[in-house]
Protein chains: 2
Amino acid sequence: MAAKRSGARGKRSQRVSVPPQPVQEASGEPPLSRDRIVATAVELLDAQGVDGLTMRRLADRLGSGVMSLYWHVDNKEDVFDLALDSVLEYRGPPDMVVSRDWRGEVVHMLEDWRARMLRHPWSASLLPRRALGPNILSRLEMLSKSLSRAGVADADLNVAIWSLWNYVMGATLTRASFDLSDDDRAAARQRLEHLSERYPTIERSRLLLDDDWDGAFRKGLGFLLDGLSPR
Amino acid sequence: MAAKRSGARGKRSQRVSVPPQPVQEASGEPPLSRDRIVATAVELLDAQGVDGLTMRRLADRLGSGVMSLYWHVDNKEDVFDLALDSVLEYRGPPDMVVSRDWRGEVVHMLEDWRARMLRHPWSASLLPRRALGPNILSRLEMLSKSLSRAGVADADLNVAIWSLWNYVMGATLTRASFDLSDDDRAAARQRLEHLSERYPTIERSRLLLDDDWDGAFRKGLGFLLDGLSPR
DNA sequence: ACCTGAACACCGTTCAAGT
DNA sequence: ACCTGAACACCGTTCAAGT
């Protein structure tokens, strides 16, 4: 699948004559680059999930040979690391959230983090097993500052940060994978029907059927922050 | 763990003569069975991780052809589901933990859950993406009862359960994957050295170098339970 | 009822080479 | 400096068959 190169020829004949590009053919494909590879990897991951990203498919989308990728990245792991961090950027709280309101700041950052991961469901499952990139480190740095400002003791700071990390990761991972087909939901629902006698309490509270994920996330986060706040 | 049956033959010669097995050859291998497949899958996963489990290797260990497995299980996913639940059994709290102490009960179950998953590090990453098996449902049922008994309002019950689930899953997943080689630790340590100026706060608190995972888990769980307890 | 080998359509990466 | 195809050693699963 080396190139569309000559494929553009005669598609629409009204294109103005392009100034001759030194190396690059007049085709649509810009040259390969780390950035292009990462952006395309994210597209592919969004479309096909973790298992859907293969070096061959990635090269196909980029209109290059498979092995050309290896000039720009070390290996597939590298692609995962780069794609992951690229998705976790944080632009900071909106101005509305006054900077004296540590709780508002923290909630905003964590909800934004979760939302971004849910928009790229593969990212949540990758994050805990990869090295931490700059974007996620920035988020932790911000968290640390806010909690300090909130009066969390230095001795409790790391525990507090990890607790919030754990909560966000657990919630997002679970939500991301339960967001499957309706068929799956129906199957689960049916499996639970005749389980009532073995698990009466969770059956009664409809634990596995409640689907207000956003509300539950926010409310539980509230409880956790209550527990973390200096009494 | 179906049987050692004929496997004992000739190990120590003082075994009494075994009655002749009808079909099975005198070889060491008991016949294939779902249980044997699952037990061997767990061994393989423990030894080689998620990517180490392949149908071919599994068949090898079992001394059978690859395709023989497919008589007993539907596919590889099925093997994962069975292996996963087999590892999550809970035998209940020890008698020491008086049953009036809801907090002690909850902490015991959650620490046992985490410990089991850490003993089989592949299990944590599988749990959120697979259907919930009977053993994990029992744990949730128990959790639900304890929290009810503790006075958590019915309207908060599901949120409380999911919060604890999230915390345990996040903590265990993170711990399981950061438990890598010493080389990795050294590399991370070095990467952080010259990051101090970009992330001063997490650098100062040594967030990424602290390795009292067990202590942090327990302490953070304490904070969360504080937040969940009716005030 | 239980087990099998051959075959198919895939993988990631090494290597030696091309421009 | 950048890109390439062929080759290697793997995958999970379908199929048609054997006992």
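Chain letters run A, B, ... following the sequence lines, proteins first and then strands; every chain starts at 1.
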What is the nucleic acid contact for A:Leu53, judged by heavy atoms within less than 4.0 Å: base, sugar-phosphate only, or nothing? sugar-phosphate
Short side-chain N/O contact from [X] to OP1 or OP2 of [N], under 4.0 Å:
X	N	value
A:Ser64	D:dC3	no
A:Ser68	D:dC2	no
B:His72	C:dC3	yes
A:Tyr70	C:dT13	yes
A:Arg57	C:dC11	yes

Protein-nucleotide distance ([X], atom [atom1]; [N], atom [atom2]), rounded to Å:
X	N	atom1	atom2	result
B:Asp51	D:dG12	CG	P	10 Å
A:Leu32	D:dA1	CG	C1'	13 Å
B:Arg56	C:dT4	CZ	P	15 Å
A:Met55	D:dT4	CE	P	13 Å
B:Met67	C:dC8	CE	P	15 Å
B:Leu58	C:dC3	CG	P	13 Å
A:Leu69	C:dG12	CG	P	10 Å
A:Leu62	D:dC3	CG	C1'	13 Å

Using purine N1 to pyrimidine N3 plus N6-O4 or O6-N4 for Watson-Crick, or N1-O2 and O6-N3 for G-U wobble, both under 3.5 Å, which nucleotide pairs with D:dC8? C:dG12
Let's test this: given Watson-Crick or G-U wobble pairing with both distances under 3.5 Å, identify the partner of C:dA17.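 Answer to the pairing question: none, since C:dA17 forms no Watson-Crick or G-U pair.
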Give me the distance, rounded to whole Å, that separates D:dC2 from C:dA17 when you measure between the P atoms they each carry.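 After rounding to an integer number of Å, I get 22 Å for this pair.
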Could you verify whether a donor N or O on one side chain and an acceptor N or O on the other, from B:Asp46 and B:Trp122, lie under 3.5 Å apart?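 Judged by distance alone, the side chains do pair up.
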CZ/A:Arg36: more than 12 non-hydrogen atoms of other groups inside 6.0 Å: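 Atom CZ in A:Arg36 is packed in, count exceeds 12.
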Determine whether more than 12 heavy atoms belonging to other residues, nucleotides or ligands lie under 6.0 Å from atom CZ of B:Arg116. yes
Salt bridge between B:Asp85 and B:Arg130, side-chain N to carboxylate O under 4.0 Å? no
Tell me whether the guanidinium CZ or amine NZ of A:Arg114 lies under 6.0 angstrom from the six-membered ring centre of A:Phe217 and within 45° of its axis.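 So A:Arg114 does make the cation-pi contact.
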